[in-house]
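Input: a single structure, listed below in structure tokens.
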Number of protein chains: 4
Amino acid sequence: MAFNSFGNLLKLTTFGESHGNTMGGIIDGFPAGVSIDLGAVQNELNRRKPGQSKIVTQRKEPDTVEFISGIFKGKTTGTSIGFQIKNTNQKSHDYSHNTDVYRPSHADFTYDKKFGIRDYRGGGRSSARETANWVVAGALAKQLISFISINAYTSSVGELSMEKEYQQLDFSKTESNIVRCPDEKMAHKMIDKIKEIRKQGDTIGGTISCVVQNMPVGLGEPIFKKLHAELGKAMLSINAVKGFEFGSGFKGTTMKGSEHNDIFNTDGSTQTNLSGGIQGGISNGMDIYFRVAFKPVATIMQNQDTINSKGEETEIMGKGRHDPCVVPRAVPVVEALTALVLADFWLLNKTRKI
Amino acid sequence: MAFNSFGNLLKLTTFGESHGNTMGGIIDGFPAGVSIDLGAVQNELNRRKPGQSKIVTQRKEPDTVEFISGIFKGKTTGTSIGFQIKNTNQKSHDYSHNTDVYRPSHADFTYDKKFGIRDYRGGGRSSARETANWVVAGALAKQLISFISINAYTSSVGELSMEKEYQQLDFSKTESNIVRCPDEKMAHKMIDKIKEIRKQGDTIGGTISCVVQNMPVGLGEPIFKKLHAELGKAMLSINAVKGFEFGSGFKGTTMKGSEHNDIFNTDGSTQTNLSGGIQGGISNGMDIYFRVAFKPVATIMQNQDTINSKGEETEIMGKGRHDPCVVPRAVPVVEALTALVLADFWLLNKTRKI
Amino acid sequence: MAFNSFGNLLKLTTFGESHGNTMGGIIDGFPAGVSIDLGAVQNELNRRKPGQSKIVTQRKEPDTVEFISGIFKGKTTGTSIGFQIKNTNQKSHDYSHNTDVYRPSHADFTYDKKFGIRDYRGGGRSSARETANWVVAGALAKQLISFISINAYTSSVGELSMEKEYQQLDFSKTESNIVRCPDEKMAHKMIDKIKEIRKQGDTIGGTISCVVQNMPVGLGEPIFKKLHAELGKAMLSINAVKGFEFGSGFKGTTMKGSEHNDIFNTDGSTQTNLSGGIQGGISNGMDIYFRVAFKPVATIMQNQDTINSKGEETEIMGKGRHDPCVVPRAVPVVEALTALVLADFWLLNKTRKI
Amino acid sequence: MAFNSFGNLLKLTTFGESHGNTMGGIIDGFPAGVSIDLGAVQNELNRRKPGQSKIVTQRKEPDTVEFISGIFKGKTTGTSIGFQIKNTNQKSHDYSHNTDVYRPSHADFTYDKKFGIRDYRGGGRSSARETANWVVAGALAKQLISFISINAYTSSVGELSMEKEYQQLDFSKTESNIVRCPDEKMAHKMIDKIKEIRKQGDTIGGTISCVVQNMPVGLGEPIFKKLHAELGKAMLSINAVKGFEFGSGFKGTTMKGSEHNDIFNTDGSTQTNLSGGIQGGISNGMDIYFRVAFKPVATIMQNQDTINSKGEETEIMGKGRHDPCVVPRAVPVVEALTALVLADFWLLNKTRKI
């Protein structure tokens, strides 16, 4: 039972507010003896950081991670891995204007009602800046299970939705454009769309798809640790996420069993993969694929009616450094959480059979 | 860390195989002093039990729950609540024909690969019969948080999808028909559809929607215990579920922020509720609503090619007592898990503020 | 977080009141593929059961365990193992006389104050009958880690304390006498002492020592899962336990470092073993040994002044079927919990190094 | 399940090696709205810090705590509280001499065998420097349950053992001498003893007693969260601890039930308190008192035979800045963990009754 921890054997616990001087976390249960490529960790953070392109927030923040413990001479020691990301962009903001205003569809109202107090600077703990911590932990997890391949990408922005199946895509192209869509044509459309939305002072939603390849058979547990249930919980923990589906997903509800069943090949693989690589909560070795729905960012550059903590009517207008679409920067976050879940279940699975 | 437990402070742990003589569970953390209406618990089980109508499996099973501990003179005592459901329909089946066959899109293959052994009788632990345990625990949870109203219903069967918003529905009608759709016209169509599918020896998917009303503000936690993430995990734990969305869900991804934001009224309620009653992971007092996708049941009354544990090709054909559509019987399961999550978070919330 | 669960990966959750019709539990996380000797499990229960000798309670209770799930064709399946022990001695007692009386040094008062309600029949959940559940789970754990040898024995009864070191003892003699002391001479004295105490209508305390041999190196964790801390917690969970010490224990506090340090042999073993087989929370391969203090049983066959729930003065006198000394029957309980802790840490350790 | 976390609802997770540049932790589950006295926190750290007197290690380390998140305008916000303690004394030590040597009765050998790697600088994660983190968290916990009074003190050093009962002591005198014994006469003897031992280049063990007053009734849980079991586990987690007893403890094993039972007064208090304030695992409102055994520090200023990681014989001699007796500096650590346990159970208890 913990409010700020994720995972079972491999467990991440985090702290930090958006505009505090530092955020960070502790990774517990990471096995000893893993050589860590620190550059690869920072690279994942760079994929998430603000200011990386024209279609994301122009806030400048290097998001440099510093490991404090648990890694010695380049290898993990089995003890807890502490890390921190310092906030270099911690201006002496003037927060006086909005300390008391509830931004629509933000967490201001609920934090205040729940806790009776909130750190209003930049959203405090509710800011998506927290996901930088997750990317650090996920980058280590990726190195632990480097034999598994995890690829997320932007699959829709607003109404612009990729029709291609993931099998038709070349994931090496995902990072070749700033929206992180491996279909270049679609990528350009998406980028244009986001620019247009930004000009309107508005925001737009989208979806991220994720594909896991080279999965070992047997990860996940029968009842309350089903692999897809943990993946779903992970994704639904990301700021702005409204939905999760895997394999045939919502479309699968319209199918018949005779169409939906995945018939076996004699090697145990299946001819189709509507199951999405998981049967009975346990990976079957086929590709896992799932899709995550992100709502439009709540902070818009338009005047909105709202209230303050006294219930008085007021107005609010976002200031200039927010993402018009959260999806491009959320791609590495989806991958990070996927890696954390899979690494955790991979460790768990070492104990499940004599 | 537990493979067969659900919840944090209010925790259900279960045991039992489909064709074993008993299944049951232990409910831990239930507060003392709650008067329990045992009839209401049994009533929830009856909503889930097989043989209840023409469109569900015709297996006969009374599913009578027996409480063994933790309730004394009609009230909970604060100690663990043990319960069991005896299997009265435990025929001396002849399992010799399929002990070694992997049913397509079932858990046979993955259990065998993961554990090296499986109880093949009726699917063993992978059977949805397990959800009877959840309904028992959920029925107690409902009584703990009786001030909250939870209503699930069948919102689609195959392509037949209800267009009405939940606000237009009368939930008191849900139990008036065997498919559990509160719109009678649609209910009849759905029933006819399921009957038609059954005649084909086939199965069909569907969706269940769930609405939570009279929610207190403040349930859920900022980072890794977001209320919707736990609800999502709960739903994804139900057999055959492939997706979860809440509030605006996947449709919300096509919207702009200016359309999607829920503007406050001066009493803290919101004019729209695309947030689905949860902001920043915490309930805001508005209705919570979500939708759950169920794939078609994998067991069909048709010949299917498959393999056995030696990788040899063989055929399989389901025998006659399976559900053509899982959705009608899953409605009380969705409610039960919702109640468990909400009761758990309600207890947790008692500790979050001085 | 659970109130009625013990363990991390290998987890026991229990239910049941002393005079209810059944008690039992669920063992979660037990690996698949372990052949279970059911006779050996029952044998452990028989070592704990009432009525086994003249110096224990004369209540008759067969304490027969029934496994319900998780074992198939003699082997564990990796799913949760449900078990129950039926109460055959569940007389229609007349409890009217003491429903409202707080027995001195029992849990009646604290249960009532904490929960506002209690099952007063036989102490309800506070009865040491619960430990039968632990013995079942511990018996399975012993079979999982059968390469480790665990031997507990009665090391003192009242002032009668064994002077011999465990190395001088022949553990195969422990079961040769009813007090479970491997030194026969001392055993006879202890038995006489207990008989004398019983004649007085009184009770007496004692200690149990436990020795673990053939320990693998590396079980236990550096900070908050130190092996001895979990063993200590386990022992302190047993009814009537007031203290725990391992290795040099309280006597070690009077020693100098130069006397207390265990000097290494070149094979990594140590010349002395004041550390008690654990250094820095982690087993070093030497024998683990510890000692557990049990207070005298609170129920005595003498008149005692006490109060009822209204704070009125009254008297109470135990009735005839209680243990004059808890220690002989607690020996298998100590072993069972030791086995549970070690098996749990053995599983955990499979995940701690690449 | 976490290796570096302590507590249930109120949970501390820590990181940091002895000679790393920073150590720290995350406090999760601390309720919102508590005004924090930062000076009082630092004061607790000062009680633990090295160099504070002549009878402790002369290492200089200010151990200044810095809170990073979770406290806003002097009050807790309900989000996770991150803190760190920077290491200002992190010299560029020359570790080349002992990187490969196993110090007797230290954790060097077990860490190496378990993890295959260890941070040998100052003992790495096995150093008691970790307890500084615990003191920080405990200091916050003390402020949460400020209505409870917690007083630990040195009750023995080697053979010098206080005879007085705690009721005869004036706890306000504990901090008046450097050994933290509230009996001044005994304190002087203890101080002299420690000085003598230090001159010998040796170390000595001791015991700490702890008394909890103004306890609410009802904290603790019946089966596996017994209050004394969690206290015992907490104490056994402290470096160098070999034993724990509460109430009558090991002495109670020699008593008869008729002597040991605590007879009630009509107000629910008891005439004696051999139970030590806990019955059936639950506090009864009487004082809780317990005793903790500390072995002599393993690092001595004498030549010792030992081995290196290749199993070769070698010698080792401690260098000059270690504690001759751990007990004086461990007093605040005992209090801190006691506060953490009690605060955690106090929160838990808010959920146990309707």
Side-chain angles (χ1 to χ4, degrees), chain B residues 1-5 7-18 20-34 66-84 86-87 99 111-112 114-121 124-126 130 344 348, chain C residues 1-5 7-18 20-34 66-84 86-87 99 111-112 114-121 124-126 130 344 348:
Chain B
M1 174 57 243
F3 303 107
N4 294 277
S5 293
N8 297 286
L9 276 177
L10 180 62
K11 189 168 244 165
L12 170 68
T13 306
T14 65
F15 69 89
E17 271 89 37
S18 173
N21 66 31
T22 307
M23 60 194 328
I26 300 174
I27 301 164
D28 196 10
F30 203 93
V34 181
E66 180 190 353
F67 287 98
I68 307 173
S69 68
I71 301 176
F72 187 60
K73 300 194 167 177
K75 283 196 175 179
T76 55
T77 62
T79 60
S80 55
I81 300 172
F83 66 87
Q84 61 184 15
K86 289 207 176 116
N87 189 349
T99 60
Y111 273 52
D112 241 15
K114 181 181 185 71
F115 296 119
I117 182 175
R118 77 189 156 95
D119 182 347
Y120 43 74
R121 300 168 302 165
R125 188 89 174 118
S126 74
E130 157 75 5
D344 190 19
L348 283 172
Chain C
M1 174 56 245
F3 303 108
N4 294 277
S5 294
N8 297 285
L9 276 177
L10 180 61
K11 189 168 242 167
L12 170 67
T13 306
T14 65
F15 69 89
E17 271 88 37
S18 172
N21 66 31
T22 307
M23 59 194 328
I26 300 174
I27 301 164
D28 195 10
F30 202 93
V34 181
E66 180 190 354
F67 287 98
I68 307 173
S69 69
I71 301 176
F72 187 59
K73 299 192 168 179
K75 283 196 175 180
T76 55
T77 62
T79 60
S80 54
I81 300 172
F83 67 87
Q84 60 183 17
K86 290 211 176 113
N87 189 349
T99 60
Y111 272 53
D112 241 15
K114 181 181 184 70
F115 295 119
I117 182 175
R118 76 189 158 96
D119 182 346
Y120 43 73
R121 299 168 303 165
R125 188 89 175 119
S126 74
E130 157 75 5
D344 190 18
L348 283 172

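We name chains A, B, ... by the order of the sequence lines, and we start the count at 1 in each one.
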Contacts of C:Phe72 that satisfy ring pair (Phe, Tyr, Trp, His ring centres under 6.0 Å) - sequence neighbours left out: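 Testing C:Phe72 for ring pair (Phe, Tyr, Trp, His ring centres under 6.0 Å), a comparison that skips the adjacent residues, returns B:Tyr120.
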
Under 3.5 Å: donor-acceptor pair, side chain of C:Arg125, backbone of C:Ser18: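 No, C:Arg125 side chain to C:Ser18 backbone: no donor-acceptor pair under 3.5 Å.
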
Check: B:Asn87 side chain, B:Gly20 main-chain N or O, donor-acceptor pair, under 3.5 Å: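 Checking the backbone N and O of B:Gly20 against the side chain of B:Asn87, a donor-acceptor pair under 3.5 Å is found.
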
Ion pair check, C:Arg121 and C:Glu17, cut-off under 4.0 Å: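 Not counted as a salt bridge, because no side-chain N and carboxylate O are separated by less than 4.0 Å.
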
When B:Ser69, B:Gly78, B:Gly116 are compared by non-hydrogen pairs under 4.5 Å with chain C, the top option: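 Highest number of heavy-atom pairs under 4.5 Å: B:Ser69.
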
Largest heavy-atom contact set with chain C, pairs under 4.5 Å, which of B:Asp119, B:Thr79, B:Ile68: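 That would be B:Asp119.
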
Proximity breakdown for [X] and chain C, heavy-atom pairs closer than 4.5 Å:
X        : result
B:Glu130 : neither
B:Lys75  : both
B:Lys114 : neither

Those residues that, when tested against B:Asn8, pass side chain to side chain contact (heavy atoms under 4.5 Å, CB included) (two or more places apart):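 Expected list: A:Met1, B:Lys225, B:Glu230, B:Asp344, B:Leu348.
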
Leading residue by heavy atom contact count with chain B [cutoff under 4.5 Å; candidates C:Ile27, C:Leu9, C:Thr14, C:Leu10]: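 Between C:Ile27, C:Leu9, C:Thr14, C:Leu10, the count favours C:Thr14.
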
